[in-house]
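Fair warning: this is a prediction, and the values are worked out from it, not measured in the lab. Just so we're on the same page: letters track the sequence lines, and every chain starts at 1.
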2 protein chains.
Amino acid sequence: MAATIRDVARKANVSVATVSRFVNGTHKVRGETAERVKEAIAELDFRPNAVGRSLSTSHTKSLGVVIPSISNPVFSEAVAGITNEAKQQGYSLMLTSTNYDPEEEQSVVETLLENRVDGVLLTVADPENSAALDMLRNARTPFFLIYNQPVEQTPTVTVDNVLAGQEVAEQFAVLGHTRLGMISGRFTTSDRALARKNGFLKGAANLKLPAPVICEADHEGRALEQTLKALYQDLSTAPTALFCSNDLLAISVIGYLRKQDISVPQQVSVIGFDGIDVGSHFYPSLATMVQPSQEMGAAAAKQLLARLSGGDIKEALILPHVFRPGESAGPAGKLTPASSPNLSQNTRRRSTT
Amino acid sequence: MAATIRDVARKANVSVATVSRFVNGTHKVRGETAERVKEAIAELDFRPNAVGRSLSTSHTKSLGVVIPSISNPVFSEAVAGITNEAKQQGYSLMLTSTNYDPEEEQSVVETLLENRVDGVLLTVADPENSAALDMLRNARTPFFLIYNQPVEQTPTVTVDNVLAGQEVAEQFAVLGHTRLGMISGRFTTSDRALARKNGFLKGAANLKLPAPVICEADHEGRALEQTLKALYQDLSTAPTALFCSNDLLAISVIGYLRKQDISVPQQVSVIGFDGIDVGSHFYPSLATMVQPSQEMGAAAAKQLLARLSGGDIKEALILPHVFRPGESAGPAGKLTPASSPNLSQNTRRRSTT
DNA sequence: TTCATTAATGTAAACGGTTACATTTGTGAA
DNA sequence: TTCACAAATGTAACCGTTTACATTAATGAA
C-alpha cells in the first residue's frame with residue numbers, strides 16, 4: 001500500500017541508494033537529483049519504514065519504560081522527564097506497567113526484548129533478585145533503574161532513601177513526637193520502602209526514641225483499614241506520628257484515620273514520601289519527603305542515551321531529596337478519644353451539598 | 001549477537017520454517033522434532049525478533065498513544081485503561097505527548113506512522129481541523145479519539161460535554177448562585193473546553209441567569225493569576241460561582257483565590273471537570289463533573305483493536321458523566337471584602353512547621 | 001506390498017530499508 | 001584535449017522473519 005524507497009527510486013529515476021542517502025542526509029546528492037527525489041517523495045507521500053530500517057541497522061531508536069503503576073503520579077512524573085529527554089534525541093518510548101508484580105516484570109521485559117528496544121528504563125520490585133534484570137543483562141540490553149536502591153553493577157538513579165527515612169524520624173522528633181510508627185506497602189514489592197523503613201528505624205534509634213511500630217499493608221481496601229483499626233485500638237500506646245512509605249498511601253491513611261475520628265495533625269501527625277505535586281493542595285496539606293521525580297527520569301534517560309551512543313555512564317546517581325513541611329505534621333499533642341479539635345474538624349468537613 | 005531463527009534451525013537440524021511454525025504454533029510439528037527445536041531455543045536463548053516479523057507480516061502489534069500531557073492525571077487514567085486492554089491482546093504501546101501543541105501533534109504522529117503502529121489512540125487540540133488526523137486518514141491508519149468532541153467520520157469516545165456544562169450551571173443555580181463565571185484553558189487547544197463552555201452558557205440561559213463571564217487563560221503561571229486579579233477587582237459584580245474547564249485548573253484557581261483572600265466556598269464556589277481521583281482529598285474537596293477516564297481509554301482501545309481484527313466499530317461512543325459534589329461548591333453567600341469565614345480559614349491554613 | 005492420501009517438513013522469495021563496494025560522472029591541472 | 005582524482009551514483013547483499021509452494025515422510029486401505 002504505502003510507497004517504498006524503491007517506488008521513489010523508480011519515479012525519480014535514481015537508485016534506492018541515492019534515495020536513502022537523500023532521506024538520511026548521509027551523503028551529498030547533486031542539487032538536480034535531490035530535487036527529483038524530493039518531488040517523487042512528495043508525490044508518492046513516501047514515509048520511510050522504520051521497521052525496515054531497524055532490521056537493517058539493528059537498532060530501533062526506541063526505549064522501553066517499565067513502571068509499577070501508571071496512575072501513581074510519582075511514576076507519571078518520571079515518565080514525563082523521560083519523554084522530554086527521549087524526544088529530544090529522536091527516541092520513541094514503549095511504555096508498560098507491572099502492578100508491582102515480578103511475574104509481570106518478566107513478561108513485559110520479554111516483550112520489550114522481542115521488540116529489540118535499544119535500552120530500558122525501569123523500576124522493579126527488588127533489584128537484588130530480579131528475573132527481569134537478569135534477562136536484560138543476559139540479552140546485553142542496556143538499562144537504567146529509577147527509584148530502586150543501588151545494587152552492584154547496576155546503573156541506578158535514586159535518592160538516599162535510608163538517609164531520607166532517618167530525616168523523617170528527626171522531623172517527628174523536632175515536633176516532640178516520641179511514639180513513632182510507619183505504614184508501608186509490602187517490602188517485597190518495594191525495596192525503597194524497605195530502605196526508608198531502615199532509615200526511619202535508625203533515625204529513631206539515634207534519637208533514643210522507642211522503636212517505631214512498623215505496619216506492612218496493601219495500599220488499598222480493607223487490609224489497610226483493618227491495620228489502622230487495630231493499631232489505634234488502644235490510644236494510650238498508639239503512635240502519634242506516622243510515616244507513610246509513599247504519598248498515595250499517606251492520603252489513604254489520613255482518610256481512614258478521619259473515618260475513625262482521629263484528627264490529623266491534632267492527634268496524629270503524618271509524613272509521606274515522594275512529593276507528588278497535588279499533595280500540597282490537600283487538606284491537611286501533606287508533609288512529605290520530596291524526591292525530584294521528573295529530574296530522576298530525565299537523568300536516567302540521559303545516561304542511558306549517552307551509553308547508547310557509545311559514551312560512558314555513571315553507575316549510580318543519588319539525587320537530592322528535601323523535606324516539604326505541611327499541615328499533616330504538627331506538634332505532638334494528646335492522643336485521647338475526647339480530643340476536641342478533632343470534633344470541630346469532623347463536623348466542618350462533609351458539610352456541603 | 002543474539003541467536004536467529006536460522007541458528008536454531010541449524011542446531012535442531014530442521015528448516016527455519018519448522019522453527020517458525022513451532023514458535024508461533026501455526027502448524028503441527030511432530031513430537032520429536034518439537035523437542036529438538038525446543039532444546040535448541042533454550043540452549044541458544046533464542047528470542048524471536050519482532051522487527052523481522054513485523055517486516056514480514058506488515059503489522060507491528062503496537063498502538064500509538066498521543067496525549068496532551070503526561071502529568072495530568074486525567075490522561076494517565078485513560079492510558080491505564082488503554083494499557084490493560086492492549087496488554088490483554090498482546091499489543092505494545094508507543095506513548096507520546098504533545099503539550100497541547102498541534103505542531104507537536106503532527107510530529108509525533110509522523111513518528112508513529114514511520115514506526116508503522118497498527119493504530120493510534122489520541123486526544124487532539126481540535127479534531128475539526130487537525131493536520132495530525134489528516135495524516136492518519138491519509139495513511140489509512142485506523143485511529144480512535146478520546147475526550148475530543150465527535151466529528152463526522154471520526155471514531156471518538158467521549159462524554160456529552162455540552163450537556164455536562166449545562167448541568168454545572170444547574171448545580172450552581174440550585175445553590176442559589178446568579179453571578180456565574182468560567183475559567184477555561186485556551187479554546188483553541190481544547191475543543192472539549194469549548195463544548196463545556198457552550199453548555200454552561202446554554203444552561204445559564206435556560207435558567208434565565210445573566211450570561212456568565214468567560215475567561216480564557218493559560219493553566220499555569222502569571223497569566224491565570226492576572227486574570228483572576230482583574231476578575232475580582234470589583235467584588236460587587238464578580239462571579240460567586242466559577243466553573244473551571246478541568247480539575248487541575250480548578251485546583252490552581254482555588255489556590256490563587258486563596259492568595260487573594262477570597263475563600264472557597266464561602267465567598268466563591270468552584271466546580272471543576274474531569275473527576276481526577278485525588279480531587280476528593282483536597283481542601284476544600286473538589287466538586288466536579290466526573291468523566292470515566294479509565295473506561296474511556298479501555299473502550300477506545302477495545303474498539304480500535306476490534307477494528308484491527310477486521311471487525312466493525314462504532315463511530316462515536318458517548319459515556320455517562322456524573323456530578324460529584326464537594327466542599328468547593330456551596331450556597332451562594334455575600335461576596336464582600338470583610339467576610340469573616342475567609343479570615344478564619346486563612347489564619348488556620350499554613351499554620352504548621 | 002503398493003499406492004493414494006494426508007501430515008510434516010523444506011526451499012526460497014518476499015518484506016523495506018542500509019551500505020560496502022563498484023561504477024560512472026564531473027572537475028581542474030597539465 | 002587528456003588524465004588523475006574526487007564526487008556522485010548504482011548494484012546487490014544483508015538484516016530476521018513468514019509463508020506459498022514443493023517435497024518428503026507417514027498412514028492406512030486394498
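Using a 4.5 Å heavy-atom cutoff, the side chains of B/Val65 and B/Met94 are not in contact. Taking 4.5 Å as the limit, some side-chain heavy atom of A/Arg47 sits within range of a side-chain heavy atom of B/Glu110.
B/Thr33 has a side-chain polar atom (N or O) that falls below the 4.0 Å cut-off from OP1 or OP2 of C/dT9. One finds no side-chain N or O of A/Asn49 lying less than 4.0 angstrom from the OP1 or OP2 phosphate oxygen of C/dC15. In this structure, B/Ser15 does not reach the C/dT11 phosphate: none of its side-chain N or O atoms is under 4.0 Å from OP1 or OP2. In this model, the phosphate group of D/dT18 is approached by a side-chain N or O of B/Ser20 to a distance below 4.0 Å at OP1 or OP2.
Taking atom CG on A/Asp7 and atom P on C/dG16, their separation rounds to 8 Å, with Å as the unit. Rounded to whole Å, atom P of C/dG16 lies 8 Å from atom CZ of B/Arg116. Regarding B/Arg47, its CZ atom lies at a distance of 12 Å from the P atom of D/dT17, rounded to whole Å. When rounded to the nearest whole Å, the span between NE2 of A/His27 and C1' of C/dA20 equals 10 Å. To the nearest angstrom, P of D/dA8 lies 17 Å from CG of A/Asn24. One can place CZ of A/Arg10 at 13 Å from P of D/dT11, the figure rounded to the nearest angstrom. Atom CZ of A/Arg36 and atom P of D/dT9 are 8 Å apart (whole Å). Going from atom NE2 of A/His59 over to atom P of C/dT18 covers 10 Å, rounded to whole Å.
Judged purely by atom type and a 3.5 angstrom limit, A/Thr123 uses its side chain to pair as donor or acceptor with the backbone of A/Ile146.
Within the nucleic acid shown, B/Phe22 has no heavy atom closer than 4.0 Å to any nucleic acid atom.
A donor and an acceptor atom never sit less than 3.5 Å apart when one is taken from the side chain of A/Thr4 and the other from the base of C/dG16. At a cut-off of 3.5 angstrom, counting only N and O atoms as typed in the model, there is a donor on one side and an acceptor on the other between the side-chain of A/Arg21 and the base of D/dG10.
Listed nucleotides: D/dG16, C/dG17, C/dT11. Nearest to the side chain of B/Val16: C/dT11. For A/Thr57, counting side-chain heavy atoms from C-beta on, the closest listed nucleotide (C/dG17, C/dT19, C/dG10) is C/dT19. Closest contact between the side chain of A/Ala17 and the listed nucleotides C/dT9, C/dT19, C/dA14 involves C/dT19. Taking only side-chain atoms of A/Leu55, from C-beta outward, the nucleotide of C/dG17, C/dA20, D/dG16 with the closest atom is D/dG16. With C/dG16, D/dT18, C/dA8 as the choices, the nucleotide that has an atom nearest any side-chain atom of B/Arg30 turns out to be C/dA8. Checking C/dT19, D/dA20, D/dT18 against the side-chain heavy atoms of B/Arg53 singles out D/dT18 as nearest. Of the candidate nucleotides D/dT17, C/dT9, C/dT18, C/dT18 has the atom nearest to the side chain of A/Ile5.
Mapping B/Ser56 and B/Ala34 onto DNA chain C by nearest heavy atom places B/Ala34 closer to the 5' end of the strand. In terms of position along DNA chain C, the nucleotide closest to B/Val29 lies nearer the 5' end than the nucleotide closest to the other residue of the pair B/Val29 and A/Thr26.
A/Arg116 and A/Thr141 form no side-chain donor-acceptor contact under 3.5 Å, judged by distance and modelled atom types alone.
Ionic pairing of A/Glu39 and A/Lys11 is not present here: no N-O contact between side-chain nitrogen and carboxylate oxygen is shorter than 4.0 angstrom.
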Criterion side-chain hydrogen bond (donor to acceptor under 3.5 Å, both in side chains) on A/Tyr147 and A/Ser190, from CA distance to verdict: CA-CA 10 Å; A/Tyr147 294 119; A/Ser190 175; over 6 Å; no
